There are 4 protein chains.
Amino acid sequence: MTPPRPLRADAARNRDALLAAAADEFAERGLEASVADIARRAGVGKGTVFRHFATKDDLLAAIVIDRMDALDAVGQDLLTADDAATALHEFLTAAAHQRQQRDLSFLQSAGDVSPEVTRTRTRLYATIDHLVARARTQKAIRPDITGADVILLMCAPNYVVSYVPEAPPDLWQRYLAIIFDGLRPAAAHPLPHPPPSLDLSDTAT
Amino acid sequence: MTPPRPLRADAARNRDALLAAAADEFAERGLEASVADIARRAGVGKGTVFRHFATKDDLLAAIVIDRMDALDAVGQDLLTADDAATALHEFLTAAAHQRQQRDLSFLQSAGDVSPEVTRTRTRLYATIDHLVARARTQKAIRPDITGADVILLMCAPNYVVSYVPEAPPDLWQRYLAIIFDGLRPAAAHPLPHPPPSLDLSDTAT
Amino acid sequence: MTPPRPLRADAARNRDALLAAAADEFAERGLEASVADIARRAGVGKGTVFRHFATKDDLLAAIVIDRMDALDAVGQDLLTADDAATALHEFLTAAAHQRQQRDLSFLQSAGDVSPEVTRTRTRLYATIDHLVARARTQKAIRPDITGADVILLMCAPNYVVSYVPEAPPDLWQRYLAIIFDGLRPAAAHPLPHPPPSLDLSDTAT
Amino acid sequence: MTPPRPLRADAARNRDALLAAAADEFAERGLEASVADIARRAGVGKGTVFRHFATKDDLLAAIVIDRMDALDAVGQDLLTADDAATALHEFLTAAAHQRQQRDLSFLQSAGDVSPEVTRTRTRLYATIDHLVARARTQKAIRPDITGADVILLMCAPNYVVSYVPEAPPDLWQRYLAIIFDGLRPAAAHPLPHPPPSLDLSDTAT
DNA sequence: AATGAATGAGCATTCATTCAT
DNA sequence: CATGAATGAATGCTCATTCAT
C-alpha cells in the first residue's frame, strides 16, 4: 500500500534523519522553515529531501502521520485500562509530552494535505473519542464533554507554554492539570455553546 | 517621547486605514500576508506602508500595541467592579471576542520587536495581574492560580477553536467556560508545576 | 482593454529593453533561455522581468504578439498592391527578414499560451489567407495551394538556414526562392495530400 | 577503432532498449526529456544509462548516428537506380518518413558533439550529394541546385508539419511535393544567393 | 508626501551526473 | 555489472525593502 520495497539501509537512515530534522526545524521556525535548512540540519543534500518526499507538504504530512500514529498506539493501549479517568489523563500527558514545543502543525493545521493524513487523523480521533466516552460513562468527567472537546483542548497546554520565553520543559503539566480540572464534574457550570462536530466518520475506503 | 510630530490629517487617515487593512489581512492569511496586498486593501501605494512603518514587523507591532491597549482599557474598567469573578470572566470574554480568528499571534509571538511593545505588554500584564489578584482574594478562583497563568490561558479558547474547519463564530465561549471552570476552587487538584514568571516588572526606561 | 495606463517613461524603456533582450536570448538559446540571463542582457534586475511579464510564458507571448502584429501590418499594406504575386513574395521576404535566426517560436510553437496570442495569430493568418487568395485568383500561384500551405511554408527558409554553421545573413533568400518556385503553376504536379485546416475562423469575442 | 570490445549479450540488449526508449522519449517530449524517464521506459536503472552513454548528449549522438546510418544505407541503394529523379524523391520520402515527429533535430542541431557524428554526417552528406548530382545530370532537377541545398531542404517538410496541431501522419508528403516541384527545372527562376558550402570534405582523421 | 518601479535574496523544485551498495 | 540514492547547480517565481519620479 505504501512503499512496498523495504528501503536500503542508508536510505532508511537518511529518511529518519530527515524526519527528525524536519520536525525540529518546523517546531522552531514554523511552517516556513526552508527545505534547505532541513537538509542541512539532517546532514544531507537538498535533492535528497525531494527523493524521499516529493514535496515539502509531503514531508510535513509524513511527520504528522508519524506523530498521530504513535499517539494512536498509546491511546489504543489505554483503552483497556480500568480507571478511565487516569487513562485519559495519561493519554493527554503523552500527547503533550510528544513535543513540548510548538507542534501546532500536528492537528488540523496540516490541513487535508493528503488522504493518508485524513485517514490517520480519523483513526486517532476515533480512539480519543472512545477514551473520552469511557471516562464519561465512569462519571470521571462531566457529561457535557465530548471527544471533540478533548481533541481540541489537547494541544492547548503546549500552545500556552510556547509563549513563555524560557519555559521549563515540564511547565505544560501545570496547564494540562488546570484544563483537566475544568473537565471534571466538580466545578461544572453549564456550557454556553454546543460542541462542534469534527466529523469522526470513517470516510476512508 | 515617541511620536514627535502630530501627523498631518491625511497621513493620519492613511495610518489608520493601513492598520485596519493589515489587521484584516493578517487575520485572513496569517503572518505571510504580503505588504503589497495590505497596501492594496488600504487603497494606498506600497511605498506609503513603509513611510509609516519602517518594516513589516513594525506594522505588526503597531497592531499588537493597538490591541493590547484596547484590552488594557477594558481591564482597567473592570478593576473597580464589585464581583471580581464576573469581572475576570468578562475580561477574558472581551479578550477572546477581540478576534475569534488567528491573531492569537498578538502575545509573545510578535516578540520584543520594539521596546514599545514590551512596555505595552507589561502594562497589560499588570492589569491582568490585578484582576486575578482580586478574584483570588475573593476566593472566586483557586489560590494557586497566578496572573501569569491567566495571561497564558487567555488565548487558548481562540487557539483551540482555530482547528475547527467551519467553526461557528461563538464556539470559543464553550472553551473559555471549560477553562474557567478549571480555575474555580471547586475542582481544584494540586498543580504539578510552579507557575512561571512572566517578568511583570517594568523593565522599560 | 490591455494596460490602460500609459506607463512611466523609464518603465517603458525597460519593457522595450526586455523584449529586445528576450528576443535575442530566445533566438540564441531557444525556449530554455533563462529569465536571469534575459534580465542581465537587458541590464535590469531579475524581479523587473516579472513586474512587466507575470510569467516567462507571458514574456514569450508578448514577443510573439509583437512580431505577428508587425508582420500583419506589412501584409495589410500589401493587400492593396496590384501584382498579387509580387505582393505575396514581398510578404514572405518581410517575414523571413524579421529574423534570420531561429525564430521557430513565432508560430504555433508558442502554443495558445494566451487568448491574446490566439487572437493575434488568427488575425495574421486571415491576412495571409487573403494575400494567397488574391495570388491564386491572378493565377500567379497554383490553384491547389491554400493560405494554410503558405503559412506553414513561410518559416521554412529560416529554419533551413539555421543548420548552416556560419550562414551568410541573406542565405534564406535562396530557399525562399526555391520554395516560391514550388508554388508557381509552371512546375505543378498533383499534390498527394489535402491541405490542413489551420482554423482561421474568428473564435475571439 | 571505436568499440574496442564486442559487448556482452545482455549489455547489448540494454543498449538497444535504451536507444529505442530514448528515441521515443525525445520524439515525444523534445530535448528536455529526462534521463530518468528514458531509463524507466527502457526498463533499466538510471545508472545503466550512464554506463552506456557517458552523457545525455552522447546518447543523443548515438541516436543521430543510428538514424543517419540507416538513411545513408537507403541512399546508397538508390544510387544505382536508373531514374535519378525518382531515386531522389524516394530518398527524401524515406528521410521524412523516418520520423514525422520532432527529431528534425538530427541534423546540425546535435552539433559536432563527437567526431563520430561528424564522420557519419559527412558520409551521409556525400551520398546525398551523389544522388543530387545524378539527378542534375539527368536534368531531372534544375542545374543551380546543389547537394547542400537538398540536404538543407530535406527536413523542411517535417518541420513545417510540426506546427499543425493534430496533423494527419502523412501530411508531410504534401510539402515534400511542393518543395520538390521547386527543385524541378520547369518553374525555375534565377536564385538570388549562391549555395552554401556544407564542407562535405572528410575532415575526420 | 505618495507612488509604484526596481532590486535581489530566498524559496521549492528539477535533473544530469556520481558513487556506495 | 546494475542499481538507485545522493548531490548541488540551476530555474522560475515571490516579496520585503529601496529609491527615482
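The chains referred to below are lettered A, B, ... by the order of the sequence lines, with proteins before strands, and numbering in each begins at 1. Values in this document were obtained by computation on a predicted structure and should not be read as measured data. Quick note: numbers below take in every heavy atom, side chains included, and nothing from hydrogens, waters or symmetry partners.
- Here the side chain of S114(A) pairs a donor or acceptor atom with the backbone of E116(A) at under 3.5 angstrom.
- With distances taken from any side-chain atom of K46(A) to the nucleotides dG8(F), dA2(F), dT17(F), the minimum falls on dG8(F).
- Whole-Å rounding puts the R15(B) CZ to dA2(E) P distance at 13 Å.
- Dashed line: the shortest gap from a side-chain N or O of R51(D) to OP1 or OP2 of dC1(F) is not under 4.0 Å.
- Without hydrogens or angle criteria, K56(A) side chain to A33(A) main chain gives a donor-acceptor distance under 3.5 Å.
- In the set dA6(F), dC13(F), dT17(E), dC13(F) carries the atom at the smallest distance from any side-chain atom of T55(C).
- Checked by atom type and distance alone, the side chain of T48(A) never pairs as donor or acceptor with a backbone atom of V44(A) at under 3.5 Å.
- Counting any heavy atom pair closer than 4.0 Å across all strands shown, A33(B) reaches sugar-phosphate atoms only and no base atom.
- Across all strands shown, dT18(F) pairs with dA5(E); the Watson-Crick or G-U wobble distances both stay below 3.5 Å.
- Formation of a donor-acceptor pair under 3.5 Å by the K46(C) side chain with backbone atoms of R40(C) is not found in this model.
- Nearest-nucleotide positions on DNA chain E place G45(B) closer to the 5' end than the other of S34(A) and G45(B).
- Phosphate proximity of dA2(F) to T48(D): absent, as no side-chain N or O sits under 4.0 Å from OP1 or OP2.
- Atom CD of E25(A) and atom P of dA12(E) are 11 Å apart (whole Å).
- Distance R13(D) CZ to dA2(F) P: 11 Å, rounded to the nearest Å.
- Along DNA chain E, the nucleotide nearest to V44(C) and the one nearest to K56(A) differ in position, and the one closer to the 5' end is contacted by V44(C).
- Distances shown here put every side-chain N or O of N14(B) at or beyond 4.0 Å from the OP1 or OP2 atom of dA1(E).
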